Every structure is written in structure tokens, then in C-alpha cells.
J.: 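Structure in C-alpha cells, see below.
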Amino acid sequence: MSATSRTILGIETSCDETAAAVVRSGRCGTWEVLSNVIASQHDLHAEFRGVVPEIASRAHAERVLPVVKRAITDAGVDLGQVGAVAVGNRPGLIGSLLVGVAAAKALAWGLGVPVIGIDHVQAHLIGGAIGPPGGDVSRPEFPALGLVVSGGHTSLYACESFTKIRRIGATIDDAIGEAYDKVASILGLGFPGGPNLDRLASEAGVAPVKPGFPISRIAPASLDFSFSGLKTAALYAFRGVPEGERTRAKREARGEAPAKLLTASEVAVTFQDAAVGTVILKIERALEQIGRVGTLLVGGGVSANSLLRTRLVELGQSRNIDVRLPRMEYCLDNGAMVAALGGELLDERGWVGDEWTMTAAPTTSGM
Ligand code: KG4
Ligand code: ZN
């Protein structure tokens, strides 16, 4: 495959964004994004306060081809210049994934180019190493530590390259984004909750309430995460601890008032401090365990979080690590990360794609 034809179309339909992008190999050895089109379905799911799978699949089916067409036009290329089609084929909502996979296969077949199925979680890790045309983002140094913080995953990876990664920690209950969304819903903030909670906490102008919400350590050396206790702490702080009749009677007999409830702003700030603190704690543990790494690759929707970004930059400065935070447009689900990881895999495989039997799968390949 010649250098000029290393132009890849990426398609992403795993959840509630219909996305497509065109990337090509950049001057700095990374991937430069020629176009990045995202049609969000947030308005369709807002009234249900969560993603409704059937509505999502139908919306993807209506939108995928217009979104692809727009990505090609915005990139200023014609379809004949596309050298491969990459598609997020796992994990995600199966009906949604199948729409993207069918579109990608049809396009690749028609164009006579390879098609390649991409793990969405792994693709998030390349988000901090892609840039606009001009390729102003350098190739990161490996080995690296990888962190994915999204609505479905909270995981740490030991990365030899973008394609060779090994999971070393994962959530044992809720993902961090899920916890953000649930706490936002408890506080009466709109869907999707994460960005709204982030905004409320940033604008609140109050400090986290002492002694703070629990930071889950799990076991002294564990790299796994748990956010369900934190979510419950936020719920009780806002609505009160449920009390049975006997407990209430005993408390009243002691002359004690119920615990003072926190305001929405106080809960937001205190929750965010503990959620981000948990992530930083596990990164520090991982750095102790896996030895010297030059880079921290960060990706997933929650990497848009303002406090997490600040704390990660501070961590990078204090430990002399190159922290790769994605540009804001590559934090959320997008086709550019899918196309870029497709390019990495195709370069490794001599531009041989997957079999045409490649299909969607609901779970991550785990790595
Ligand atoms: O990566 P993503 O688009 O989807 C998955 O792969 O799961 O991540 C979506 C998640 C949602 O839970 C959303 O609330 C959260 O990312 N999120 C945020 C912020 N922006 C998006 N969470 C906290 N702060 C933000 N600024
Ligand atoms: Zn995602």
C-alpha cells in the first residue's frame, strides 16, 4: 500500500453517536484527521434518561450513510482514494454495532478495499495521538500505561504499542461514566449527566465536604476500580440515609437530628473529588507496579472531565510522564480513533483486512 493511499474511513456506531471520519498517515508517524463527523442521538434518548437500544439502532440506520457521505466530502477526498474501511465492531449495543458493520462491509466490498473490525475500548487509547491536518501530534513513546474512562469501562492497560495491550485493572461494578450519570440523575441534572455534573462542580465555588466520599482501594495492590459505594454515598448525602422505624426511634431517643443533607453543588464537588481521586490513586499504583513508562495514554468520554484533566496534567508534570489527553472532540465516541487504530493494525498486517465474515460482538476482546 503506497503512502498516499494510506487513507482510512472509520465508522463508529457502538452506542448513541453515529460517527464517521477520514484519517491519513501524518508526517509525525501518527494519524491526521481530515474529517470527523458525529451525529449525536442525545435528544432522542433524553426523555428516557438513558440510551434505548432499539431507538439507537433505528437512528444509526437512518444516519450512517449521510454521516459517511459528509465525512468524505469534508475530507476533500473522493471514495476512490479510500484505502480501507475500519469499523468499531465490539463492544457495544449489538443492534447498533451491526448497522456500522453492515455499512462498512458494503462500502469496502464496493470499493474493493480491506475492511477491519476494531475494539472500541482499545480505540479510545489512540485518541491522544491523533491531530488535525498537518499532523502536529507526535508519536508517543512506548511502553505506555493506558487509561480508559468511559460510560461502559474504567480500565488500565500495559501497552507495548497501540495494538499490543494487556488489561491490568478494570471496574468490578459501575464504570466511572455510569457513576457520573447516575449521580447526575440523583441531583436532577439532565442526560447525559457527566458533562452537567462536571459543569455544576466547576461553577459551584465550594470545596469538597470533609471528610469526603469514600475512595475505593479494594485491596492494597489492586488495580481494579469500584464506584458503586461512592454512588451510594452521594445518594445518601443528598437524600438522607434510609432509616427503619426502630433506628429512627432510637436516634430520636438519643435526641439526635437526622444527618444534615448536602446541597447539589456540595455533592457534585465532593463526588467528583473522590471519583477523580480514585483514578489517580490507581494510576499511581500501576506506575509503581509496571515500572518506568514514558507515556500515559488516556481516552474515553470521561477524559473530557475538567478536574480529571487537571489532575492528570499535574501527575504528568510531577512524574515526568508524557500524558496524552485527547483533544475534546476525540474524547467522546468518534470515527477518527477507529480509523487511526485501523491504520495501525493494517500497517502491521501488510494491509490485509479481516475476513468478510467479520461481525459485531457485544463484549470487548478483553486484551
Ligand atoms: O466514551 P463514551 O462516549 O461512551 C462509552 O464508550 O461509554 O463515554 C460516555 C460517558 C458518559 O457516561 C458521559 O456522561 C461521560 O462519558 N462524560 C463525562 C464528561 N463528558 C462525558 N463525565 C464526566 N465529565 C465530563 N465532562
Ligand atoms: Zn466510548
Side-chain angles (χ1 to χ4, degrees), residues 15-16 45 48-53 91-93 120-121 124 147-157 167-198 200-201 208-244 247 259 261-286 298-305 307-308 311 362-364 366:
C15 189
D16 61 344
H45 302 284
F48 305 101
R49 298 215 253 145
V51 178
V52 183
L93 301 170
H120 174 98
V121 186
H124 270 305
L147 169 75
V148 175
V149 276
S150 74
H153 296 84
T154 312
S155 305
L156 285 166
Y157 300 89
R167 195 169 64 199
I168 53 174
T171 182
I172 58 169
D173 42 52
D174 290 353
I176 185 170
E178 201 180 340
Y180 260 93
D181 293 339
K182 285 180 180 161
V183 171
S185 160
I186 291 165
L187 300 181
L189 306 175
F191 171 84
N196 290 333
L197 199 156
D198 186 8
L200 177 63
V209 173
K210 295 223 161 78
F213 291 157
I215 289 187
S216 164
R217 288 173 167 75
I218 300 186
S222 173
L223 299 181
D224 288 335
F225 298 87
S226 164
F227 292 100
S228 68
L230 173 57
K231 189 183 63 188
T232 309
L235 173 71
Y236 287 176
F238 191 60
R239 297 220 186 120
V241 182
E243 268 181 337
T247 321
L261 300 183
L262 301 190
T263 64
S265 297
E266 287 170 333
V267 172
V269 170
T270 312
F271 164 80
Q272 176 148 271
D273 187 59
V276 171
T278 306
V279 174
I280 300 293
L281 171 84
K282 296 300 161 83
I283 292 173
E284 281 174 341
R285 275 188 189 171
V298 185
V302 184
S303 58
N305 183 265
L307 183 68
L308 181 62
R311 296 259 172 98
T363 50
T364 175

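Since this is a predicted model, take the numbers as computed values, not measurements.
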J.: Looking at every heavy atom in both Phe238 and Leu262, which two are closest together, and how far apart are they?
T.: CD1-O, 3.5 Å

J.: Do you know the tightest heavy-atom contact between Leu93 and Cys15?
T.: CD1-CA, 4.3 Å

J.: Does any non-hydrogen side-chain atom of Lys282 lie less than 4.5 Å from one of Ile215?
T.: no

J.: How long is the straight-line distance from CD1 of Ile176 back to CG of Leu147, given to the nearest 0.5 Å?
T.: 8.5 Å

J.: Salt bridge between Asp224 and Arg285, side-chain N to carboxylate O under 4.0 Å?
T.: no

J.: Does anything in residues 176-190 form a side-chain hydrogen bond (donor to acceptor under 3.5 Å, both in side chains)? List the pairs, not counting sequence neighbours.
T.: Arg49-Ser185, Glu178-Lys182, Tyr180-Gln272, Tyr180-Asn305

J.: Measuring from atom OG1 of Thr278 to atom CZ of Arg217, what distance do you get when rounded to the nearest 0.5 angstrom?
T.: 8.0 Å

J.: Please check: side-chain N/O of Thr171 versus main-chain N/O of Thr154, any donor-acceptor pairing under 3.5 Å?
T.: no

J.: What I'd like to find out is whether the side chain of Val149 reaches to under 4.5 Å of the side chain of Phe225, using heavy atoms alone.
T.: no

J.: Mind checking the CG-CG spacing from Leu200 to Leu187? Nearest 0.5 Å is all I need.
T.: 7.0 Å

J.: Using side-chain heavy atoms (C-beta onward) and a distance below 4.5 Å, is Leu307 in contact with Asp198?
T.: no

J.: Is any side-chain heavy atom of Pro91 closer than 4.5 Å to a side-chain heavy atom of Val121?
T.: yes

J.: Taking all non-hydrogen atoms of both residues, which atom of Val298 and which atom of Ser303 are closest, and how far apart?
T.: CG1-CB, 3.7 Å

J.: Any side-chain heavy-atom pair from Asp273 and Phe213 closer than 4.5 angstrom?
T.: no

J.: For residues 225-237, which residue pairs qualify under side-chain hydrogen bond (donor to acceptor under 3.5 Å, both in side chains), counting only residues two or more places apart or in two chains?
T.: Asp173-Ser226, Asp173-Ser228, Asp174-Lys231

J.: Tell me the closest heavy-atom pair linking Val302 and Gly177, and the distance in Å.
T.: CG2-CA, 3.6 Å

J.: I need the minimum non-hydrogen distance between Ala201 and Val269, along with the two atoms involved.
T.: O-CG2, 3.6 Å

J.: What's the shortest heavy-atom distance between Leu223 and Ala286, and which atoms?
T.: CD2-N, 3.5 Å

J.: Could I get the full list of ring-ring contact (aromatic ring centres under 6.0 Å, His included) partners for His120, not counting sequence neighbours?
T.: His124

